[in-house]
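Data first, discussion second: the structure below is written as structure tokens.
Predicted, not measured: the structure shown is a model, and the values here were computed from it.
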Amino acid sequence: VQLKTISGFANYRIGTMLNVNGSVGRTQVTSPVAGLQDITGAVWSLGAGYAGPRIGANLSTARSVNGGGGQAANLAISRTFNASATYRVNDSMGIAAGYSHADQNFRTSPLVPETNVISRFKNDRVFIGADYRMGRLLAFSADLNHQRRSSDPDRFSFSATTIMLGVSAQF
């Protein structure tokens with residue numbers, strides 16, 4: 001599979017705290033794989049970030065065409081959306097929360113059975129976390145994540161909640 005992308009990128013800073021960036025382009029996929037159609041289409045990304053003294057926020061969205069995306073497929077056409085916010089309670093403690101969504105469409109060849117495992121999945125993730133620095137030596141963190149994936153076929157769907165606790169020491 002041959003994948004060619006031509007795109008332009010722009011980044012604009014508004015003051016010291018706001019940043020906006022984006023790209024727009026075109027991807028062309030040609031394939032020698034029997035049964036896999038060639039694809040030509042738009043790819044893009046758009047993001048904005050705010051970094052204040054206590055509050056931070058990021059938003060981004062994108063459409064891309066890539067290789068199989070770690071799945072048993074020839075191509076993956078992805079659309080993503082991400083949002084996150086942070087708040088510094090004080091110099092020692094911060095909290096964060098966010099949401100991400102990914103929608104991946106996989107292109108395969110019906111003549112190559114091992115690539116026909118999954119045709120699409122949607123993944124949603126929500127998280128909240130906190131960190132606390134105790135002096136210069138120790139730092140603690142806790143993160144709660146919930147992820148839900150729906151897929152076609154359904155046997156690759158799942159839902160999972162994880163809690164991560166961390167301790168770090170700096171010498």
Requested in this report: Verify side-chain contact (heavy atoms from CB on, under 4.5 Å) between Arg26 and Thr40, making sure each step is shown before the conclusion.
Outcome: CA-CA 7 Å; Arg26 189 161 187 81; Thr40 300; 3.4 Å; yes
Contact check, side chains of [X] and [Y], non-hydrogen atoms, under 4.5 Å:
X	Y	result
Leu3	Val65	yes
Lys122	Ser151	no
Thr5	Val43	yes
Gln170	Leu137	no
Ile55	Thr86	no

Kindly compute the distance separating [atom1] ([X]) from [atom2] ([Y]), expressed to the nearest 0.5 Å.
X	Y	atom1	atom2	answer
Arg88	Met93	CZ	CE	9.0 Å
Asn82	Ser100	CG	OG	5.5 Å
Asn66	Gln104	CG	CD	8.0 Å
Gln28	Gln2	CD	CD	8.0 Å
Ile95	Tyr132	CD1	OH	15.0 Å
Phe158	Asn123	CZ	CG	5.5 Å

Would you say [X] and [Y] are hydrophobically clustered, going by side-chain heavy atoms of ILVMFWY under 4.5 Å?
X	Y	value
Leu165	Ile128	yes
Phe106	Phe156	yes
Met134	Val167	yes
Met17	Tyr12	yes

Requested in this report: May I ask you to establish whether Arg149 and Phe121 are in a cation-pi arrangement, using a distance under 6.0 Å from NZ or CZ to the six-membered ring centre and at most 45° from the ring axis?
Outcome: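 Verdict for Phe121: a cation-pi partner in Arg149.
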Query raised in the report: Just by distance, with hydrogens left out, do Asp38 and Thr30 show a side-chain donor and acceptor under 3.5 Å apart?
Result: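 Distance-only check fails for Asp38 and Thr30.
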Query raised in the report: Just checking, any donor-acceptor pair under 3.5 angstrom between side chains of Ser45 and Ser23?
Result: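 Short answer, yes.
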Identify the heavy atoms of [X] and [Y] that sit nearest to each other, and give their distance.
X	Y	value
Ala83	Leu59	CB-CD2, 3.5 Å
Asn105	Ser119	OD1-O, 3.5 Å
Ala102	Thr80	CB-CG2, 4.2 Å

Query raised in the report: In this structure, are over 12 heavy atoms from other groups packed under 6.0 Å from Phe9 atom CZ?
Result: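 Yes, enclosed.
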Query raised in the report: Are Ser159 and His146 close enough, and set up right, to give a side-chain contact (heavy atoms from CB on, under 4.5 Å), and what steps lead you there?
Result: CA-CA 8 Å; Ser159 181; His146 179 72; 3.2 Å; yes
Query raised in the report: Ignoring hydrogens and geometry, is there a side-chain-to-backbone donor-acceptor pair from Arg63 to Ala42 under 3.5 Å?
Result: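 Answer holds: yes.
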**Report entry** Lys/Arg N to Asp/Glu carboxylate O, Arg54 vs Asp91, below 4.0 Å
**Finding:**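 A salt bridge is absent here (no side-chain N lies under 4.0 Å from a carboxylate O).
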Requested in this report: Apply side-chain contact (heavy atoms from CB on, under 4.5 Å) to the pair Phe81 and Tyr99, showing each step before the final yes or no.
Outcome: CA-CA 8 Å; Phe81 172 79; Tyr99 168 76; 4.0 Å; yes
Requested in this report: Take Asn145 and Val126, measure what side-chain contact (heavy atoms from CB on, under 4.5 Å) needs, and give me the verdict at the end.
Outcome: CA-CA 6 Å; Asn145 289 274; Val126 178; over 6 Å; no
